[in-house]
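The structure appears right after this line, and notes come after that.
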Protein chains: 2
Amino acid sequence: MKSPPLKGLWYFKTAAELGSFKQAAEALFVTQAAVSQQIRILEQQLGCTLFERQTRKVVLTQQGQDLLPYLHKAFGQIDMGLSTLKADPNPSTINLSVLPSFASCWLLPRLAQFKNALPDYQLRIDPTEQLADFNEDDIDIGIRFGLGDYNGLKSELIAEDELVIAYQPGLINPNKPLRSQLSKHNFIYDEGRDNELAWFELCDQLGLSGHASSNLKIDNAALVLQATVAGQGFSLVRRRLVAQSLALGQLEIHPEFSWQCEFRYYLVAPERHFEWPKIKAFRDWIITELKSTDP
Amino acid sequence: MKSPPLKGLWYFKTAAELGSFKQAAEALFVTQAAVSQQIRILEQQLGCTLFERQTRKVVLTQQGQDLLPYLHKAFGQIDMGLSTLKADPNPSTINLSVLPSFASCWLLPRLAQFKNALPDYQLRIDPTEQLADFNEDDIDIGIRFGLGDYNGLKSELIAEDELVIAYQPGLINPNKPLRSQLSKHNFIYDEGRDNELAWFELCDQLGLSGHASSNLKIDNAALVLQATVAGQGFSLVRRRLVAQSLALGQLEIHPEFSWQCEFRYYLVAPERHFEWPKIKAFRDWIITELKSTDP
DNA sequence: TTTTATACTTAATTAAAACTTAACTATAAG
DNA sequence: CTTATAGTTAAGTTTTAATTAAGTATAAAA
């Protein structure tokens, strides 16, 4: 089925409603010659004249008047259809997809602040290792730790982080150099994605022999922290995840070593989600909150 | 106001309804690569995916399903709008714009035949010298005598004609040469548009001295005929207009002279009118009727 | 009355969008 | 395991739509 001359009809509708080719041209961000031509072509295709040309103005013919209301409805429908795509189906609930480690170590301890800052919004946390499918799952926005390349999605950098040496207070003396102390304790290793380089760097700095020194491998940053708090040894963890335990005196970090993460924290979602009020509000809140705990 | 991506939406609607880019491509008379690209671009512009690509098939996402019904309505409206432009507002009445001379001398005498041939149609005759404005006046079709160039309108040649010498029976002896007889009588001159050349030709042929011989000038072919029937003199008239009077014995024509008219008879109307059943029927009737009275 | 300014038309050129071709991918069916 | 199918992608070409510039007609201003 051949398509109707949609562009011409859009130009016609604009010109008809404004009663002027010139004004239509302005509204359409083109020259009025373009409008004139499109409407001439449309009239040829339809085989009838839509406008009667008078000097310095145009008036709708009977046929133009007949056609206009249909186009009005039609383009209105299209507009409504497109609006539903952009609209937020549930404007008061923020469905957040977030890594379990970040959820338990950073977000949950700050729920009170969130409720205080944004009392009108409900926060629903969906902790998943993999970034949720925004088409399938009912997710509004994700917080991810990575390089910012999330295929087809918009991502916004919200924070950086660094890896530090954490341990139960007393396990290691922060006032003495690391080198001599580390070898006496278990290294609790988080098998996260970009930790390896940092571990190599640490071994390099301290003259250790690499992986061999790792006595406990755990594929979950939250459990690594838990084991560290329990005094199982020392670990290489992100400073932002450890801030809460630090404040509570459950952990200490050694000032000698830190490693800037290659990965960073991003807000991730389809572009249109970033236009929703609740997402804008959440974004502003989390940026402020992250800033307030900047190292 | 920038226009929505109408072409992309049309492609999407087609593909969504057919459930396949390949079938959509066939329906749209393009390659499926074109469909694939258009829909990709549309998805980029909307910032969401409309189809989930599976191997060898595509399925609508939730958003695609949400959008489709709006487009369905919208394009349906456009279709209806365009239909009204093409539609015949009054399918049983033929509003005919015709020259007064042709109306009175040719058409009116054949009304009985028309009613007989097309009993379901009402004929409304609008006799005007100038071709009616199809936008303003409620005219379905015109019969004109001219060159066929009717700005922006479709015209179809339906008959030719020739000018002949007509007179009251007995006024002139058809068996004797014209030359000697004409100078004894008034020449009733119709100031129609292309009669002048014929008159020069006649004068040339007969060795007459041109315009001077015209004793009666009338700007209306029907009145010229009337005057001729009344015995006021001889005239130069179109054979088709005089056929009726000939048949009734009111007039005679001289066999010695005839002049092929440069002008011809045309059906004239906006192109779409020619698609209407009533116009097709009228066209067939008048062509048949004109043929049956061909010289 | 003449001049100027305006709204539109038209033709030629330029820019942009859309289409086709062809090479590639993944997989269901034979 | 091979083939055929439905779709993707990139490069090149064609088509379409835009701008530019010159022209028309006329209402309003000088």
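Every chain is numbered from 1, with letters handed out A, B, ... down the list of sequences. Owing to the predicted nature of the structure, the values given are computational and were not obtained by experimental measurement.
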Only counting residues at least two apart or in another chain, list the ones meeting side chain to side chain donor-acceptor pair (under 3.5 Å) with [X].
{"X": "A/Glu43", "value": "A/Arg53"}
{"X": "A/Gln45", "value": "none"}
{"X": "B/Ser36", "value": "none"}

Problem - Residue pairs passing the salt bridge (charged side-chain N to carboxylate O under 4.0 Å, His left out) test where at least one lies in residues 79-92 of chain A, sequence neighbours excluded - result: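 Salt bridge (charged side-chain N to carboxylate O under 4.0 Å, His left out) check on residues 79-92 of chain A returns A/Asp88-A/Lys278.
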
Exercise for the section: Could you name each residue pair satisfying salt bridge (charged side-chain N to carboxylate O under 4.0 Å, His left out) that touches residues 16-30 of chain B, not counting sequence neighbours? Expected result: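 The answer is B/Lys13-B/Glu17, B/Lys22-B/Glu26.
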
Fill in the blank from the handout: Expected string for nucleotides 14-25 of chain C under the B/S/- scheme (protein heavy atoms, under 4.0 Å, primed atoms plus P, OP1, OP2 as sugar-phosphate) is ----SBBB----

Handout entry: Nucleotide-resolved protein contact map, nucleotides 25-30 of chain D, B/S/- at heavy-atom distance under 4.0 Å
Key = SBB---

Problem - Atom CD of B/Gln44 with >12 non-hydrogen neighbours under 6.0 angstrom - result: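 It does: B/Gln44 CD has more than 12 such atoms within range.
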
Problem - Whether over 12 other heavy atoms sit under 6.0 Å from A/Glu271 CD - result: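 No, the 6.0 Å shell around CD holds no more than 12 heavy atoms from other groups.
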
Handout entry: Contact under 4.0 Å: A/Arg40 side-chain N or O vs C/dT10 OP1/OP2
Key =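 Yes, because at least one side-chain N or O of A/Arg40 sits under 4.0 Å from OP1 or OP2 of C/dT10.
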
Handout entry: N/O (side chain, B/Arg53) to phosphate O (OP1/OP2, D/dT8) under 4.0 Å
Key =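 So the side chain of B/Arg53 is within the cut-off, an N or O lying under 4.0 Å from OP1 or OP2 of D/dT8.
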
Which whole-number value in Å describes the distance from [X] [atom1] to [N] [atom2]?
{"X": "A/Trp10", "N": "D/dA17", "atom1": "CH2", "atom2": "C1'", "value": "17 Å"}
{"X": "A/Lys57", "N": "D/dT24", "atom1": "NZ", "atom2": "C1'", "value": "18 Å"}
{"X": "B/Gln54", "N": "C/dA29", "atom1": "CD", "atom2": "P", "value": "13 Å"}
{"X": "A/Lys22", "N": "C/dA5", "atom1": "NZ", "atom2": "P", "value": "14 Å"}
{"X": "A/Leu50", "N": "C/dC8", "atom1": "CG", "atom2": "P", "value": "15 Å"}
{"X": "A/Gln44", "N": "D/dT16", "atom1": "CD", "atom2": "P", "value": "13 Å"}
{"X": "A/Gln45", "N": "D/dA17", "atom1": "CD", "atom2": "C1'", "value": "13 Å"}

Exercise for the section: Kindly state each residue pair satisfying ring-ring contact (aromatic ring centres under 6.0 Å, His included) with at least one member in residues 35-59 of chain B, sequence neighbours excluded. Expected result: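 Listed by first then second residue: B/Phe12-B/Phe51, B/Phe21-B/Phe51.
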
Problem - ring-ring contact (aromatic ring centres under 6.0 Å, His included) contacts touching residues 59-100 of chain B (sequence neighbours left out) - result: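 Non-adjacent pairs meeting ring-ring contact (aromatic ring centres under 6.0 Å, His included): B/Trp10-B/Phe75.
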
